[in-house]
Amino acid sequence: MMSEGGIEASPRRSEEGSEEPRPGKRKIDERGQIAPSPAEVSAVVQLPGKASAATAGEGYRASAVALRPRYPPYPKGGKVNDVRKWAKECKRVNEILRKDMDFDIPTMSKPKDPYTTKAVQSSRDKVVVLRAARSIVSVSYIMDDGQRLPRCTGIIIKQLPDSGRHRAIIVTYSRVVCKAGRKLDPLPKLSVTLPDKKTLLDAELIYFNDHYDIALLEVYLDYPLELPSIGLDPEYGEELFVLARDGEVSLRVRCGNIKWLEESSILGRDYYMFLSCDIPEGGNGGMVIDHDGRVRGMAVYWSPHPAVISISIIEKCIDMFMHYDRVARPVLGIRVRTIALLDVQRQEDISDFGINAGFLVDEVYNPVAEQLGIRCGNVITSINGQGVLTLPELEHYLLSLGSDYLQHNSICMKDFKLRVFDLKRGVAKDVTLPIRFYDKAERDEEFYRMG
């Protein structure tokens with residue numbers, strides 16, 4: 001401000017002698033923070049019976065400046081006492097700011113499961129996993145008090161129109177509805193929670209199969225659900241994702257490989273493939289997908305290696321049930337493993353007999369097979385002309401014979417042509433083995449012992 005003589009006038013001072021701030025200029029308080037202007041203070045401090053400017057919608061910026069503390073600048077001198085005071089003030093400000101934060105919203109929350117974060121790294125994989133996750137649901141019991149008791153995950157596998165509504169078929173783990181091979185009695189009330197985490201639907205059990213570890217549930221909606229893309233069976237050594245929903249219906253993911261492993265003694269479930277990773281919370285019935293998002297199977301818990309049921313087996317069972325209301329399979333009563341998955345030294349020793357493929361006999365439960373001379377250690381080089389198959393492929397073949405059996409209403413016996421090599425004697429022979437079909441959902445101990 002200039003005087004008449006061109007000399008700059010001294011700034012005006014208040015009665016206390018302090019300098020009045022110029023318009024647009026703000027004071028810095030003793031803590032290094034910008035001090036609010038008198039107008040801002042009056043906007044925040046509300047007199048009794050009076051509405052503040054902030055309440056009137058005019059003081060948003062003022063209240064934000066006055067009420068939200070800021071971290072102080074680091075002390076210039078670097079003295080120990082000053083640094084301690086600075087640290088103490090930073091801690092105080094941090095505690096105030098944290099109280100204002102809403103950690104319940106996704107943008108402010110930490111990852112619920114760090115293993116899921118680790119399993120899905122690339123942007124492309126995240127897109128693939130999120131798209132596939134739209135087709136998995138949480139399967140729960142509804143207790144007498146109305147509370148939801150989460151049990152496992154389910155996969156939306158089919159969708160059919162039904163009287164103007166949408167009927168969705170969900171495949172899940174059979175042990176949600178059975179125990180020791182028998183249907184639970186009484187059967188708990190079932191429900192599914194959709195991927196939106198809000199929609200809870202009553203579910204009805206329409207089928208289960210103890211041998212294949214699957215249960216089919218149905219739900220009805222007024223709108224369609226998203227179906228997943230179906231792929232081929234997993235391959236040994238392939239890297240896959242396991243998708244599940246936990247008790248809060250949140251997505252859980254693990255990433256692992258299909259192990260080069262077969263187990264022929266797991267309750268007759270020779271068709272199991274095994275994962276190198278654990279399955280997540282809620283992982284029973286979880287969706288197994290590849291890096292393109294195609295469903296390759298369903299995960300189930302097994303110790304020490306979690307198992308995968310191949311998608312072709314699941315689809316074959318569903319197709320058979322939809323057409324015939326049951327699933328049939330021939331029971332060999334023989335436990336086998338493939339030559340291809342034996343260790344390389346034994347493969348070389350077996351190749352000395354001119355055998356490079358086939359099935360190694362681990363155990364014989366079928367008394368007729370035993371009478372026909374099939375022994376542990378024999379090699380079955382072909383079954384009805386089928387030679388080079390993995391165990392999941394063999395199971396799919398047996399299911400196709402079960403489908404033919406139901407379609408043609410055949411007798412419950414069928415002759416199987418086996419080519420059996422006895423390594424001890426060094427001779428091969430053809431064996432005709434009569435095989436029975438089994439089409440019950442529950443476990444039968446006699447058939448269970450045979451296969």
Is it true that the side chains of Asn356 and Ser351 contain a donor and an acceptor less than 3.5 Å apart? no
Distance, nearest 0.5 Å, that separates NZ of Lys417 from CG of Asn384: 8.5 Å
Euclidean distance, Arg252 CZ relative to Asp113 CG, rounded to 0.5 Å: 4.0 Å
Just by modelled atom types, is the Arg245 backbone N or O under 3.5 Å from a matching donor or acceptor in the Glu281 side chain? no
Hey, what do you get for CZ (Arg296) to CD1 (Ile289), rounding to the nearest 0.5 Å? 10.5 Å
May I ask you to say whether Asp290 pairs ionically with Arg294, meaning some side-chain N is under 4.0 Å from a carboxylate O? yes
Side chain Asn257, main chain Ser276, donor-acceptor under 3.5 Å: no
Closest non-hydrogen atom pair between Gly297 and Val308, with its separation: CA-CG1, 4.2 Å
Would you mind reporting whether Arg70 and Val93 have side-chain heavy atoms less than 4.5 Å apart? no
Between Glu218 and Ile170, is there a donor-acceptor pair closer than 3.5 Å when you use the side chain of the first and the backbone of the second? no
If you apply the rule salt bridge (charged side-chain N to carboxylate O under 4.0 Å, His left out), what do you find for Asp362 with Arg337, and how did you get there? CA-CA 7 Å; Asp362 272 348; Arg337 285 179 292 157; 2.7 Å; yes
Check Tyr236 against Leu261 and note the closest heavy-atom contact, atom names and distance. CE2-O, 3.9 Å
Between Asp125 and His291, do the side chains contain a donor N or O and an acceptor N or O under 3.5 Å apart? yes
Verdict with supporting geometry, Tyr173 and Tyr301, ring pair (Phe, Tyr, Trp, His ring centres under 6.0 Å): CA-CA 10 Å; Tyr173 189 35; Tyr301 174 79; 9.2 Å; no
Looking only at heavy atoms, what is the nearest atom pair of Leu251 and Ala133, with distance? CD1-CB, 3.9 Å
Side-chain H-bond candidate by donor/acceptor type, Tyr324 with Arg326, under 3.5 Å: no
Which heavy-atom pair separates Ala428 from Arg419 by the least distance, and what is that distance? CB-NH2, 3.6 Å
Can you check whether Lys183's main-chain N or O pairs, donor with acceptor, with Glu442's side chain at less than 3.5 Å? yes
Per the side-chain hydrogen bond (donor to acceptor under 3.5 Å, both in side chains) rule, what does the pair list look like for residues 139-152, sequence neighbours excluded? Ser138-Arg148, Ser140-Arg148
Keeping Thr338 on the side-chain end and Phe359 on the backbone end, is there a donor-acceptor pair under 3.5 Å? no
Between Glu89 and Arg92, does any side-chain N to carboxylate O distance fall below 4.0 Å? yes
So, does Gln407 use its side chain to make a donor-acceptor pair with the main chain of Asp404 at under 3.5 Å? no
For Met322, look at atom CE and say whether over 12 heavy atoms of other residues, nucleotides or ligands are found less than 6.0 Å away. yes
When you check the side-chain N and O atoms of Ser400 and Lys316, is any donor under 3.5 Å from an acceptor? no
Spell out, as yes or no, whether a donor-acceptor pair under 3.5 Å connects the side chain of Glu393 to the backbone of Thr390. yes
What distance separates Asn284 CG from Thr172 OG1, expressed to the nearest 0.5 Å? 8.0 Å
Testing the 3.5 Å rule here: is there a donor-acceptor pair between the side chains of Tyr272 and Glu262? no
Any ion pair linking Asp343 and Arg346 (charged N to carboxylate O, less than 4.0 Å)? yes
Measure the CE-CD1 distance between Met298 and Ile214 for me, rounded to the nearest 0.5 Å. 7.0 Å
So, are Asp213 and Arg269 salt-bridged, with charged N and O less than 4.0 Å apart? yes
Apply side-chain contact (heavy atoms from CB on, under 4.5 Å) to Glu395 and His211, showing your working. CA-CA 12 Å; Glu395 194 71 31; His211 178 74; 3.7 Å; yes
Heavy-atom closest contact (Val192 atom, Ala203 atom, distance): CG1-CB, 4.1 Å
For the residue pair Asp325 and Tyr207, confirm or rule out a side-chain donor-acceptor distance under 3.5 Å. no
State whether the number of non-hydrogen atoms from other residues, nucleotides or ligands found under 6.0 Å of Lys197 atom NZ is greater than 12. yes
What residues, two or more places apart in sequence or in another chain, satisfy side-chain hydrogen bond (donor to acceptor under 3.5 Å, both in side chains) together with Thr381? none
Within a 6.0 Å radius of atom CD on Gln386, are there more than 12 heavy atoms belonging to other residues, nucleotides or ligands? yes
Heavy atoms from other residues, nucleotides or ligands near CZ of Arg375 exceed 12 (cutoff 6.0 Å): yes
Going by an N to O cut-off under 4.0 Å, is there a salt bridge joining Arg124 and Asp292? yes
How far apart are the C-alpha atoms of Ser174 and Asp210, what are their side-chain angles, what is the distance that settles it, and do they pass the side chain to side chain donor-acceptor pair (under 3.5 Å) test? CA-CA 6 Å; Ser174 64; Asp210 171 71; 5.1 Å; no
Got more than 12 heavy atoms from elsewhere within 6.0 Å of CD, Gln121? yes
How long is the straight-line distance from CG of Leu360 back to CG of Leu341, given to the nearest 0.5 Å? 11.5 Å
May I ask you to decide if Gly285's main-chain N or O and Thr153's side chain share a donor-acceptor pair within less than 3.5 Å? no
Residues 382-410 vs ring-ring contact (aromatic ring centres under 6.0 Å, His included), sequence neighbours excluded, gives Tyr405-Phe437
Surrounding OH of Tyr115 (heavy atoms of other residues, nucleotides or ligands, distance under 6.0 Å), is the total greater than 12? no
Under-4.0 Å salt bridge between Asp422 and Lys429: no
